[in-house]
Protein chains: 2
Amino acid sequence: MVTLKQLAEQLNVSVSTVSKALHDSEEISPDTIERVKALAKFLNYKPNKLAVSLKNSKTNTIGVIIPNILNHFFAKALFAIEQEATKQGYNIITCLSNELQSKEEDSLQLLSNGSVDGFIMSIAEETQIISKTDHISNILKQDVPIVLFDRVSDNLETDKVIIDDFDAAYQATNHLISEGRQHIVLISNIDELSVGKLRTSGYLEALKESVNHTQDPVIVTIKREGSIEEHIDQLFKTHQTIDGIIAIDNTSGVVALQKALKHNYSIPDDMSIIGFSDENVLQFTDPKLSTISQHTLDIGKASVELLINRLNDKSSTDLVTKTIKAKLQLRGTTK
Amino acid sequence: MVTLKQLAEQLNVSVSTVSKALHDSEEISPDTIERVKALAKFLNYKPNKLAVSLKNSKTNTIGVIIPNILNHFFAKALFAIEQEATKQGYNIITCLSNELQSKEEDSLQLLSNGSVDGFIMSIAEETQIISKTDHISNILKQDVPIVLFDRVSDNLETDKVIIDDFDAAYQATNHLISEGRQHIVLISNIDELSVGKLRTSGYLEALKESVNHTQDPVIVTIKREGSIEEHIDQLFKTHQTIDGIIAIDNTSGVVALQKALKHNYSIPDDMSIIGFSDENVLQFTDPKLSTISQHTLDIGKASVELLINRLNDKSSTDLVTKTIKAKLQLRGTTK
DNA sequence: CTGAAAGCGCTAACAC
DNA sequence: GTGTTAGCGCTTTCAG
């Protein structure tokens with residue numbers, strides 16, 4: 001690696017002159033600036049980021065902690081975070097917690113030592129289940145800002161970016177009710193998560209409020225990843241009067257549609273299905289799945305904006321929670 | 001942030017004593033070590049990684065450049081890379097090239113300044129199309145090691161991790177031939193990529209070698225992401241004798257299956273389909289798609305191993321190319 | 001206009 | 001056993 005010192009030696013000037021020249025300092029003669037820059041370019045000089053960061057106590061790097069990169073929602077969020085961060089001159093260091101509290105803690109510890117200016121994260125499933133967030137508040141205590149997105153915790157005093165999970169499920173349910181559906185089932189493999197609980201509440205509330213709708217709520221909870229298909233198959237066997245499905249996670253909507261067609265339901269005549277899936281699954285379904293669109297790109301972008309705002313004004317004490325409205329996208333699986 | 005200096009002051013010893021104590025140096029009395037460690041723990045001291053890296057000229061960080069994180073193959077590769085890197089005590093800085101040569105170049109430039117010890121990357125589509133890899137060889141010239149995975153280039157002298165793309169497609173095609181299929185079509189939306197070209201060659205070779213098989217090759221090339229469905233629909237309309245499909249990218253196999261069922265083919269009786277998809281799509285298909293399994297986790301792991309080996313022995317000059325054998329996984333869409 | 005010197009936080013050779 | 005010093009590469013104040 002070429003250093004300032006080497007440039008200085010070759011040009012017979014001092015290190016500080018070189019440094020200033022490269023920063024277009026007014027103190028330096030145009031001529032010197034010219035010469036310095038020419039040589040720097042020629043030798044492909046790049047300032048050592050470590051040294052600059054150490055000096056400035058500023059890394060221009062954001063730590064991003066993702067619970068599960070194989071979940072398309074998070075992959076897309078990461079995509080958006082990276083894009084916006086790059087645009088704003090920040091790098092990202094990505095850690096994957098794989099839904100484990102221990103890995104989440106490790107990553108926070110490991111990077112909160114000057115490696116990053118702040119964090120953007122979504123809470124690991126395990127952390128949400130055992131509801132222990134000390135490892136996160138410890139970091140906050142050390143004045144390293146954190147933005148939480150999607151999966152958040154009321155116990156943590158941070159900026160947050162969420163979607164209106166309750167409302168989204170509430171509206172989806174109401175839509176099915178307005179279609180005249182009488183037996184609307186909710187399918188979830190995320191009932192341990194904050195977002196899962198909120199979406200379920202929205203569903204329950206919509207059913208409760210609906211006057212001329214007397215069904216009891218039916219909630220299918222799926223624990224293990226692999227068993228979604230079995231559960232849904234089972235559902236169609238045991239509940240033959242089902243005419244509406246709200247799937248509140250990424251994939252079960254698609255699976256439900258698949259199975260419904262297999263069971264010879266005519267969609268959407270016999271049954272309506274609404275999923276929380278991203279558009280990427282649409283190519284796999286026919287008819288096209290109606291979904292609640294989460295505007296994942298906006299979520300990622302907003303997270304970066306919030307964090308950078310916070311970094312630029314650490315003094316500000318009021319926390320902001322930004323809600324990105326989800327939108328019901330009716331396609332081929334609803335009337 | 002707590003620093004060595006602060007610890008030293010509180011304990012009335014020198015900074016170097018503290019440093020040594022924390023490293024269990026033999027020079028320091030057990031008693032002092034005890035006291036230092038106790039205070040360090042109490043104050044939650046963490047060595048500033050920037051300073052350590054600067055001092056050691058070693059960051060223990062790997063730069064990972066991913067062409068498209070929304071592609072499940074790359075998400076899974078990233079998953080594997082992160083996992084293995086963490087295991088070996090390395091962090092990763094993730095950059096997304098979004099298939100653009102310019103972003104790839106930016107990322108390499110930005111991080112090859114002491115931020116990372118080396119790179120793991122897969123080449124952007126644009127870079128493969130215009131076949132300009134100077135920005136990569138420039139980094140190599142600066143003695144920053146790079147491991148290429150999946151999409152590689154013959155022009156670059158680096159360690160590589162690839163799958164046996166030619167063989168995989170060759171075998172898949174031969175399998176369909178052995179089933180007695182007479183009109184086997186290849187579908188590709190990645191014909192610009194090195195891996196796409198190799199897979200296509202494998203298909204062509206298998207057809208050519210087959211003695212009692214007289215069909216001409218049929219290759220459907222899809223350019224735009226959104227048009228896969230249309231193209232496949234079209235295919236079934238114009239080529240009604242098709243009885244075999246090899247889809248060489250991540251998604252078109254699933255789409256082909258979907259459409260074939262829609263067109264009332266009985267799968268696998270009337271037609272066999274083999275995709276290059278990951279297991280994650282299986283939940284969306286019925287019958288289950290037969291695939292060529294790419295062992296993506298192994299690819300990621302091997303990439304990290306190769307890079308770390310290289311970092312530990314920069315002198316070694318012989319380049320290694322590791323081939324992770326793909327495996328034909330027959331499921332419900334083949335006989 | 002240019003240079004010397006201090007310091008970011010850490011390590012390590014070398015005193016004492 | 002402990003302390004002093006120099007230096008990683010850079011920025012910045014202050015002197016010249």
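The figures that follow rest on heavy atoms only: side chains count, while hydrogens, waters and symmetry mates do not. A note on names: the letters A, B, ... follow the listed sequences, proteins ahead of strands, and every chain is numbered from 1. Keep in mind that what you see is a predicted model, and the values were worked out from it rather than measured.
Side-chain N/O atoms of Lys46(B) and Ser112(A) include a donor and acceptor closer than 3.5 Å. No hydrogens or angles considered: nothing links the side chains of Thr296(A) and Asp298(A) as a donor-acceptor pair under 3.5 Å. Remark: the Ser16(A) side chain and the Ser19(A) side chain contain no N/O donor-acceptor pair separated by less than 3.5 Å. Between the side chains of Gln109(B) and Glu105(B), no donor-acceptor pair of N or O atoms lies under 3.5 Å. For the residue pair Thr94(A) and Thr94(B), a side-chain donor N or O sits within less than 3.5 Å of a side-chain acceptor on the partner. Using modelled atom types and a 3.5 Å distance limit, the side chains of Lys49(A) and Thr61(A) yield a donor-acceptor pair. Checking Asp31(B) against Ser29(B) by side-chain atom types alone, no donor-acceptor pair falls below 3.5 Å.
Remark: nothing in residues 41-52 of chain A comes within less than 4.0 Å of DNA chain C through any heavy atom. Contacts of residues 53-61 of chain B with DNA chain D (heavy atom under 4.0 Å): Leu54(B), Lys55(B). Of the residues in residues 13-31 of chain B, those lying under 4.0 Å from DNA chain D by heavy-atom distance are Val13(B), Ser14(B), Ser16(B), Thr17(B), Lys20(B), Glu27(B), Ile28(B), Ser29(B).
Read 5' to 3', the first and last nucleotides of DNA chain C with an atom closer than 4.0 Å to a heavy atom of chain A are dC1(C) to dG9(C).
Residue Ser303(B) is tested with Val147(B), Ile308(B), Ile324(B) for a side-chain contact (heavy atoms from CB on, under 4.5 Å); the sole match is Val147(B).
Between Arg35(B) atom CZ and dG1(D) atom P the separation is 14 Å, expressed in whole Å. Here the P atom of nucleotide dT2(D) and the CG atom of Leu7(B) are 16 Å apart, to the nearest Å. Across the protein-nucleic acid pair, Leu4(A) atom CG and dC8(D) atom P stand 12 Å apart, rounded to whole Å.
For the helix from dC1(C)-dG16(D) to dC16(C)-dG1(D), the axis fitted to the five pairs at one end and the axis fitted to the five pairs at the other end meet at an angle of 60° (nearest 10 degrees).
Look at Lys58(A) and Asp117(A) and you find a salt bridge, because one of the NZ, NE, NH1 or NH2 atoms lies within 4.0 Å of a carboxylate O, short of that distance. Comment: Arg151(A) engages Glu99(A) in a salt bridge, judged by a side-chain N to carboxylate O separation of less than 4.0 angstrom. The residues Lys5(A) and Glu9(A) are annotated as not salt-bridged, no charged nitrogen and carboxylate oxygen being separated by less than 4.0 angstrom. No salt bridge links Lys322(B) with Asp159(B); every basic N to acidic carboxylate O contact stays at or beyond 4.0 Å. For Glu104(A) and Lys132(A), the salt-bridge test fails: no basic side-chain N is under 4.0 Å from an acidic carboxylate O.
Every residue two or more places apart in sequence or in another chain that forms a side chain to side chain contact (heavy atoms under 4.5 Å, CB included) with Leu43(A) is listed here: Val2(A), Leu7(A), Gln10(A), Leu39(A).
Ring geometry for Phe149(B) versus Phe73(B): interplanar angle of 30 to 60°, hence tilted.
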